[in-house]
**Q** 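Input: one structure, supplied below.
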Amino acid sequence: MLAADPDPLAADVRRDVVAWFDVHARDLPWRAHDRTPWGVLVSEVMLQQTPVVRVEPAWRAWMDRWPTPADLAAAPTADVLRAWDRLGYPRRALRLQECARTVVEQHGGDLPDDEAALLALPGVGAYTAAAVRAFAFGRRSVVLDTNVRRVLARVAAGEALPAPAQTVAETRAAAAWVPDDDAAAARWAAASMELGALVCTARAPRCDACPVADRCRWLAAGRPVDAHAHRRRTQAWTGTDRQARGRVMALLREAIAPVPHDAVAAVWPDAAQLARCLDALVADGLVVRDEPSGDDPDPSATTYRLPG
DNA sequence: AATCCGGGGCG
DNA sequence: CGCCCAGGATT
């Protein structure tokens with residue numbers, strides 16, 4: 001397979017974005033000199049759909065409590081879910097602990113550095129595997145998150161926003177922008193993400209502060225509106241299963257003893273929906289249901305708690 | 001490719 | 001109140 005023709009913009013854009021990053025990079029704890037590969041992975045999992053400002057304090061507390069995969073692997077799952085607190089999508093916390101246990105059992109407690117082994121870890125997908133390779137191990141990889149997608153959509157494709165779904169063609173185009181050299185590729189990954197997070201933002205891009213404004217095809221075209229706007233649909237929230245599940249998880253995180261079914265029912269008005277959500281939470285491993293034993297169990301004696 | 005999965009803060 | 005946030009797993 002032939003490599004795609006290099007974008008004539010790429011070399012200059014990379015140089016200017018990396019130079020900008022050298023000056024403007026945020027001082028985030030998972031970028032500190034004393035960081036560990038495991039700490040980088042923890043940050044990436046926490047950052048999956050949760051903003052940096054909310055992750056930073058949680059990450060500090062988490063790494064102080066469980067600095068290594070072995071520490072997290074040995075923790076009670078209830079403690080892990082409580083420490084996850086309100087970062088959202090608590091299945092990520094379960095996956096992270098499963099990941100820690102896999103690292104201990106299959107990799108001697110040290111995070112692997114090859115793509116396939118990283119992708120095989122629970123909760124690690126294409127983005128996270130690439131990010132860990134670049135940021136923890138300084139290796140070349142195609143790091144394509146929502147920030148890089150937006151930067152490339154604007155600078156290279158001249159579009160306001162990337163398509164709702166990532167395509168193979170987009171991944172291939174992004175790969176063509178990644179330098180061959182390991183260290184240069186890792187710097188481009190970090191710099192392009194940071195530009196998307198701080199300057200080339202989704203809502204109000206600060207083109208006046210952009211190091212590549214004079215090379216941006218979207219800006220040159222007069223900042224045309226989003227071509228996919230008519231297809232975007234906001235995810236509903238009020239009254240959804242996700243809200244109900246969140247209520248239950250919040251209740252169980254606070255509880256110091258198993259919670260009777262009636263007390264769980266008090267946090268959600270729709271009994272049928274709550275029953276469905278509780279079944280799903282139990283199936284997901286986020287909640288444990290304790291049934292009263294005996295031949296004639298009393299359903300009202302059923303209790304719920306966090307696992308482990 | 002489409003859905004589901006939390007939660008909060010900002011314009 | 002819509003929209004966005006360093007996505008992943010499942011179907």
Side-chain angles (χ1 to χ4, degrees), chain A residues 21 25-26 28-31 39-59 81 84-96 98-99 118-136 141-151 160-171 174 186 189-198 200-206 226 228-229 231-253 276-277 280-281 283-287:
Chain A
F21 179 71
R26 288 170 292 182
L28 299 171
W30 45 87
R31 291 173 174 167
V40 171
L41 185 145
V42 171
S43 78
E44 294 302 340
V45 173
M46 288 184 171
L47 287 162
Q48 291 167 3
Q49 299 291 280
T50 303
V52 168
V53 287
R54 287 169 54 200
V55 165
E56 184 167 352
W59 185 90
L81 290 171
W84 193 260
D85 195 39
R86 300 195 156 198
L87 290 180
Y89 296 140
R91 293 191 295 194
R92 288 183 293 159
L94 286 187
R95 261 71 184 255
L96 186 55
E98 294 167 14
C99 177
L118 287 168
L119 269 175
L121 295 172
V124 176
Y127 162 75
T128 302
V132 168
R133 264 180 66 78
F135 305 146
S141 62
V142 181
V143 178
L144 193 54
D145 77 324
T146 187
N147 291 303
V148 179
R149 291 188 68 210
R150 188 172 54 250
V151 168
L161 292 171
Q166 189 176 321
T167 64
V168 174
E170 185 184 356
T171 305
S192 55
M193 284 178 64
E194 195 78 337
L195 186 71
L198 298 182
C200 194
T201 57
R203 292 200 200 165
R206 301 170 46 209
D226 178 18
H228 308 280
R231 286 193 51 209
R232 299 180 190 277
R233 200 166 312 229
T234 180
Q235 284 186 309
W237 171 244
T238 303
T240 60
D241 286 4
R242 287 159 64 207
Q243 187 185 29
R245 290 165 57 106
R247 290 265 186 88
V248 172
M249 291 302 294
L251 174 68
L252 299 188
R253 280 196 306 268
R276 181 172 73 243
C277 289
L281 286 168
D284 287 346
L286 287 165
V287 169

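Per chain, numbering begins at 1; letters A, B, ... match sequence-line order.
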**Q** Separation of A:Gln243 atom CD from B:dC5 atom C1', in whole Å?
**A**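 Distance, rounded to whole Å: 14 Å.
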
**Q** Please tell me which of the listed nucleotides, B:dG6, C:dC4, C:dC5, lies nearest to the side chain of A:Arg150?
**A**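 For the A:Arg150 side chain, the nearest candidate turns out to be C:dC5.
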
**Q** Map A:Thr50 and A:Pro122 onto DNA chain C by nearest heavy atom, then report which one ends up closer to the 5' terminus.
**A**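 Upstream on the strand: A:Thr50.
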
**Q** Roughly how many Å apart are C:dT11 and B:dG6, using the P atom of each and rounding to a whole number?
**A**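 That atom pair is separated by 16 Å.
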
**Q** Describe the nucleic acid contact of A:Thr128 in one word from base, sugar-phosphate, nothing, applying a heavy-atom distance below 4.0 Å.
**A**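 Sugar-phosphate, no base atom in range.
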
**Q** Return the value, rounded to whole Å, for the distance between atom CG of A:Asp145 and atom C1' of C:dC4.
**A**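 The answer, rounded to whole Å, is 13 Å.
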
**Q** Closer than 4.0 Å, any side-chain N/O of A:Gln49 to the OP1 or OP2 of C:dG7?
**A**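 Answer yes for this pair, as a side-chain N or O of A:Gln49 is under 4.0 Å from OP1 or OP2.
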
**Q** Just how far, in rounded Å, is P of C:dG7 from CG of A:Leu41?
**A**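 Taking CG of A:Leu41 and P of C:dG7, I get 14 Å after rounding.
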
**Q** Which whole-number value in Å describes the distance from A:Met46 CE to B:dG7 P?
**A**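 Value for this atom pair: 15 Å.
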
**Q** Between A:Phe21 and A:Leu195, is a side-chain contact (heavy atoms from CB on, under 4.5 Å) present by the stated rule, with each step listed?
**A** CA-CA 8 Å; A:Phe21 179 71; A:Leu195 186 71; over 6 Å; no

**Q** Can you tell if the side chain of A:Gln49 reaches within under 4.5 Å of the side chain of A:Tyr89, non-hydrogen atoms only?
**A**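 Yes, side chains in contact.
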
**Q** Between the side chains of A:Glu194 and A:Arg31, is the shortest nitrogen-to-carboxylate-oxygen separation below 4.0 Å, so that they form an ion pair?
**A**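 Yes.
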
**Q** Between C:dG2 atom C1' and A:Leu161 atom CG, what is the distance in whole Å?
**A**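 Interatomic distance, CG of A:Leu161 to C1' of C:dG2: 14 Å.
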
**Q** Measuring from the side chain of A:Pro90 (C-beta onward, heavy atoms only), which nucleotide among C:dA6, B:dG6, C:dC3 has the closest atom?
**A**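 The answer is B:dG6, which lies nearest to the side chain.
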
**Q** What is the nucleic acid contact for A:Val124, judged by heavy atoms within less than 4.0 Å: base, sugar-phosphate only, or nothing?
**A**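 Answer is sugar-phosphate: A:Val124 comes under 4.0 Å of backbone atoms only.
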
**Q** Work out how far the P atom of C:dA6 is from that of B:dG11, and round it to whole angstrom.
**A**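 Between the two P atoms, the distance is 14 Å.
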
**Q** side-chain contact (heavy atoms from CB on, under 4.5 Å) with A:Leu47: which of A:Asp145, A:Val55, A:Leu87?
**A**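 With A:Leu47 as partner, side-chain contact (heavy atoms from CB on, under 4.5 Å) holds for just one option, A:Val55.
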
**Q** Could you tell me whether A:Arg86 atom CZ has more than 12 heavy atoms of other residues or ligands within 6.0 Å of it?
**A**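 For A:Arg86, atom CZ is not crowded (no more than 12 foreign heavy atoms under 6.0 Å).
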
**Q** Name the nucleic acid region contacted by A:Leu28, choosing base, sugar-phosphate or nothing; use a 4.0 angstrom heavy-atom cut-off, strictly under.
**A**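 It contacts base atoms.
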
**Q** What verdict does the side chain to side chain donor-acceptor pair (under 3.5 Å) test give for A:Tyr127 and A:Glu44, after you've listed the backbone C-alpha separation in whole Å, the side-chain angles of each residue and the deciding distance to 0.1 Å?
**A** CA-CA 9 Å; A:Tyr127 162 75; A:Glu44 294 302 340; 2.7 Å; yes

**Q** Is A:Arg86 touching bases, backbone alone, or none of the nucleic acid, heavy atoms closer than 4.0 Å?
**A**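 A:Arg86: backbone/sugar contact only, no base atoms under 4.0 Å.
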
**Q** Base, sugar-phosphate, or nothing: which does A:Gly88 touch, judged by heavy atoms less than 4.0 Å apart?
**A**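 Base contact.
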
**Q** Please classify the nucleic acid contact of A:Arg54 as base, sugar-phosphate, or nothing, using heavy-atom distances under 4.0 Å.
**A**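 Base, at least one base atom sits under 4.0 Å.
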
**Q** What's the CH2-P distance between A:Trp237 and B:dG8, to the nearest Å?
**A**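 One finds 8 Å between P of B:dG8 and CH2 of A:Trp237, rounded.
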
**Q** Indicate, with a heavy-atom threshold strictly under 4.0 Å, whether A:Thr146 touches base, sugar-phosphate, or nothing.
**A**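 It contacts sugar-phosphate atoms only.
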
**Q** Nearest-Å distance, CZ (A:Arg95) to P (B:dC4)?
**A**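 Taking atom P of B:dC4 as the reference, CZ of A:Arg95 is at 17 Å.
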
**Q** Check whether the side chain of A:Arg26 and the base of C:dA6 form a donor-acceptor pair under 3.5 Å.
**A**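 Counting by modelled atom types and ignoring angles, a donor-acceptor contact under 3.5 Å is found here.
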
**Q** When we call it a touch if two heavy atoms are under 4.0 Å apart, what does A:Trp30 touch: a base, just sugar-phosphate, or nothing?
**A**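 Touches a base.
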
**Q** Consider the side chain of A:Pro51, meaning its heavy atoms from C-beta on, and name the nucleotide among B:dG7, C:dC4, C:dA9 that approaches it most closely.
**A**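 Closest of the options to the side chain of A:Pro51: B:dG7.
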
**Q** For residues A:Arg91 and A:Trp84, determine if any side-chain heavy atom of one lies less than 4.5 Å from a side-chain heavy atom of the other.
**A**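 Sidechains of A:Trp84 and A:Arg91: no contact.
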
**Q** Assess whether one donor atom and one acceptor atom, taken from the side chain of A:Arg203 and the base of B:dC10, lie less than 3.5 Å apart.
**A**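 Donor-acceptor pair under 3.5 Å: yes.
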
**Q** Answer with base, sugar-phosphate or nothing: what part of the nucleic acid does A:Ala126 contact at a heavy-atom distance below 4.0 Å?
**A**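 Sugar-phosphate contact only.
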
**Q** Take the protein atom OH of A:Tyr89 and the nucleotide atom P of B:dG8, then report the distance between them rounded to whole Å.
**A**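 It is 13 Å, rounded to the nearest whole Å.
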
**Q** Toward the 5' end of DNA chain B, which comes first, A:Leu87 or A:Gln166, by nearest nucleotide?
**A**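 Closest to the 5' end, via its nearest nucleotide, is A:Gln166.
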
**Q** Quick check on DNA chain B: between A:Leu286 and A:Ala165, whose nearest nucleotide comes earlier from the 5' end?
**A**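 On the 5' side of the pair lies A:Ala165.
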
**Q** Base, sugar-phosphate alone, or nothing: which one does A:Ala202 contact when heavy atoms must sit under 4.0 Å apart?
**A**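 It contacts sugar-phosphate atoms only.
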
